[in-house]
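The block underneath contains the structure these notes are about, expressed in structure tokens.
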Amino acid sequence: MSIQITFPDGASKRFDAPITGLQIADGISSGLRRNAVAIEVNGEAWDLSREITADATVSIITRDSDEGLEVLRHDAAHVMAEAVKELYPETQVTIGPAIENGFYYDFAREEAFTPEDLEKIEARMKDIVKRNEEIVREVWDRDEAISYFKSIGEEYKAEIIADLPADETITVYRQGDFLDLCRGPHLPSTGILRDGFKLTKLAGAYWRGDSNNAQLQRIYGTAWSDKKQLKAYLRRMEEAEKRDHRKLGKALDLFHLQDEAPGSIFWHPKGWAIYQAVQSYMAARQYEHGYQEIKTPQVVDISLWEKSGHASKFGDDMFTLVNDEREYAIKPMNCPCHVQVFNQGLKSYRDLPLRLAEFGSCHRNEMSGSLHGIMRVRSFVQDDAHIFCTEDQIQAEVKGFIDFLHSVYADFGFDEIIYKLSTRPEQRVGSDEDWDRAELALEQALNDNELEWELQPGEGAFYGPKIEFSLKDCIGRVWQCGTMQVDFSMPGRLGAEYVAEDGSKQVPVMLHRAILGSIERFLGILIEQHAGALPAWLAPQQVMVATIVTEANDYANEVAQALRNAGLRAEVDLRNEKIGYKVREHSLQKIPAILCIGKREAEEGTVAVRRFGSKAQTVMTLEEFVEQFGLEVEEKQLFDAGTNNPKE
RNA sequence: GCCUGCAUAGCUCAGUAGGUAGAGCAACUGACUUGUAAUCAGUAGGUCGUUGGUUCGAUUCCGACUGCAGGCUCCA
């Protein structure tokens, strides 16, 4: 019998059935065969060794494609599990998927793995690759599979199989003496994995992601198509880690943290200068967008948090204090306070939408393990605002907000934003009808803006669904920054009302929103995004005036004063040091512009400008520099350190 | 909170198979007045995170605590 195989370019060819992906690849070219790791058959990824018995459209998956890398990484996980079982037979295997850049496998074992064990495991993995064991796909009967895995002491595997949907085919992959439940696809043999992998870290992880369950030991690894790719990745990571905001915060003297105040930041002059630049920028932008800024109390009676529902859901994470037999909470968020401001006086539908903004200082007693540099802290300031509006106004407000957010992120130099829609959680307040409408409103806004977004079912806040706007840090970790949440319930719980056109009293809808999220977190990401070399408008010190000889001191001071008068953040370095030393130091501090002042400049009334990232020196008059640099600051130009040109 | 690891001078790090520690940079002093990424010489600087234990003796070994790092969980 012959079957028709159609290729990606539309061409097709007849083959004698059955035929395998490996044979097809071999027939096309030896290079393709060498690089093949799997085959896509009618849109489904198959093993190269699986027999194709009917007409099909196929495409060979190669080792350097995204799909191919996923197969390699998944195989690396299996090879690791095999290695672990060989070295530590008492270990139970659970799950081991491919992830971005690599893979992991979760193991259950009494004794903890040590970093030295990782080396042993990695060495054994290399052995298994060298053995080039054939990887064989087998279809098993469900009950047989369950009893087999139980019989060899793999309780977790048995549990996974028992929970698979009834119509799912149970496939088991065999490599050497190691059998693992898996959907596949896998490589034809372990040798094809080659040597582009490395075990990277050891971590704890809960069985099925639930902290009530047993904690397993997770081993992470990274895997690439070959050793060269692996090395390139490791080098990239090493470079990226140099941009870590904690390192730069210290090196650039921006802030520090210390034991006595875990999760709280001591901002130093330069860090605070950035902080203030960001905050005052946001204040101006919000004013422009029709927000009114307010300020609400830090310490508020616990009863308000009970009414809002926060005390019952987040009570453990709130800092509370008792004074004169009265219990207070240090505000963990601003919303209930904003409703109090709304509630003062009688509001009309003509007042809506009412946009109240606050740089709200919040304290949350986050679990110690979740603290992370200045990205996740216990004391932070949100660029928070609440929009009180009618249901009809939601669409326009959400749309307007998304545009606003995009323009802010663009000013800061962020072009990659991750959008997520989080919908109703199990524990929530409000009717299902309200949730339906709120979720729909957000979904529509995302689609109207033609954004690519990811759905996170059950991840919404307890009072409403939300859109999350996330950014990535230097090593690719995703952090939520902006948010837009629709809330139909809190205004009602806290007694907010307005008089409608017909004279009736109505409860407004409340939109919770933030663009930066926590200013602290945003600054952390901002520092990493620019590797500490902030664009001129954000740089804590924008200009450094450095003298070459003492004789130029007076003129240098005049220059610095003129720059300050022009609204620029300028310092002067009169130290008795060589100019090379000063240039080096201020370059390491990533100051956007160094003005070198010698006898010549003092006599001519000029400045010798050296921009960060460039070795070029440009002599111009002080006036010319103020105009040029001032414009760059005013226009919030993003400076490209590599080319010394403003970015598009 | 849980798992694994880490904590030495202001910073970056070395070191002690258990006998109270060292480098570079920074700081300070002096000389040098300098033209675009480190001028030279000298001085000073540490209860080796805190706290128990083992030991004649602990920075080193063991435990607890605190903090940090990487994950997991959580994130109003």
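Labels below follow one simple rule: chain letters A, B, ... track the order of the sequence lines, proteins then strands, and each chain is numbered from 1. This one's a predicted model, so the numbers in the text were calculated from it and none came from an experiment.
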Could you go over nucleotides 23-31 of chain B and give all protein N or O partners under 3.5 Å, atom names and distances?
unit_1 : atom_1 : unit_2  : atom_2 : d
A26(B) : OP1    : Y581(A) : OH     : 3.4

Pairs under 3.5 Å (N/O, protein and nucleotides 3-5 of chain B):
unit_1 : atom_1 : unit_2  : atom_2 : d
C3(B)  : O4'    : Q215(A) : OE1    : 2.9
C3(B)  : O2     : G204(A) : N      : 3.2

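Partners of E468(A) under the salt bridge (Lys or Arg N to Asp or Glu O under 4.0 Å) rule, at least two apart in sequence or in another chain, are K466(A). Residues passing the side-chain hydrogen bond (donor to acceptor under 3.5 Å, both in side chains) test with E577(A), sequence neighbours excluded: none. Checked against side-chain contact (heavy atoms from CB on, under 4.5 Å), A438(A) has the following partners two or more places apart in sequence or in another chain: P465(A), V486(A), F488(A). The side-chain hydrogen bond (donor to acceptor under 3.5 Å, both in side chains) search around T200(A) returns none, not counting sequence neighbours. Residues meeting the side-chain contact (heavy atoms from CB on, under 4.5 Å) test with A223(A), sequence neighbours left out: R73(A), A76(A), F103(A), F197(A). The side-chain hydrogen bond (donor to acceptor under 3.5 Å, both in side chains) search around E100(A) returns none, not counting sequence neighbours.
Among pairs with a residue in residues 296-319 of chain A, those fulfilling ring pair (Phe, Tyr, Trp, His ring centres under 6.0 Å) read H310(A)-F462(A), at least two apart in sequence or across chains. Pairs engaging residues 590-603 of chain A under the salt bridge (charged side-chain N to carboxylate O under 4.0 Å, His left out) rule: none recorded [sequence neighbours left out].
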- Return one dot-bracket line describing RNA chain B 5' to 3' (Watson-Crick or G-U wobble pairs, both distances under 3.5 Å; ( ) same strand, [ ] crossing, | another strand, . none). (((((((..((((.....[..)))).(((((.......))))).....(((((..]....))))))))))))....

- Query: Nucleotide by nucleotide, 5' to 3', does protein get under 4.0 Å of the base (B), only the sugar-phosphate (S), or neither (-) in nucleotides 9-17 of chain B, counting heavy atoms?
  - Reply: --SS-----

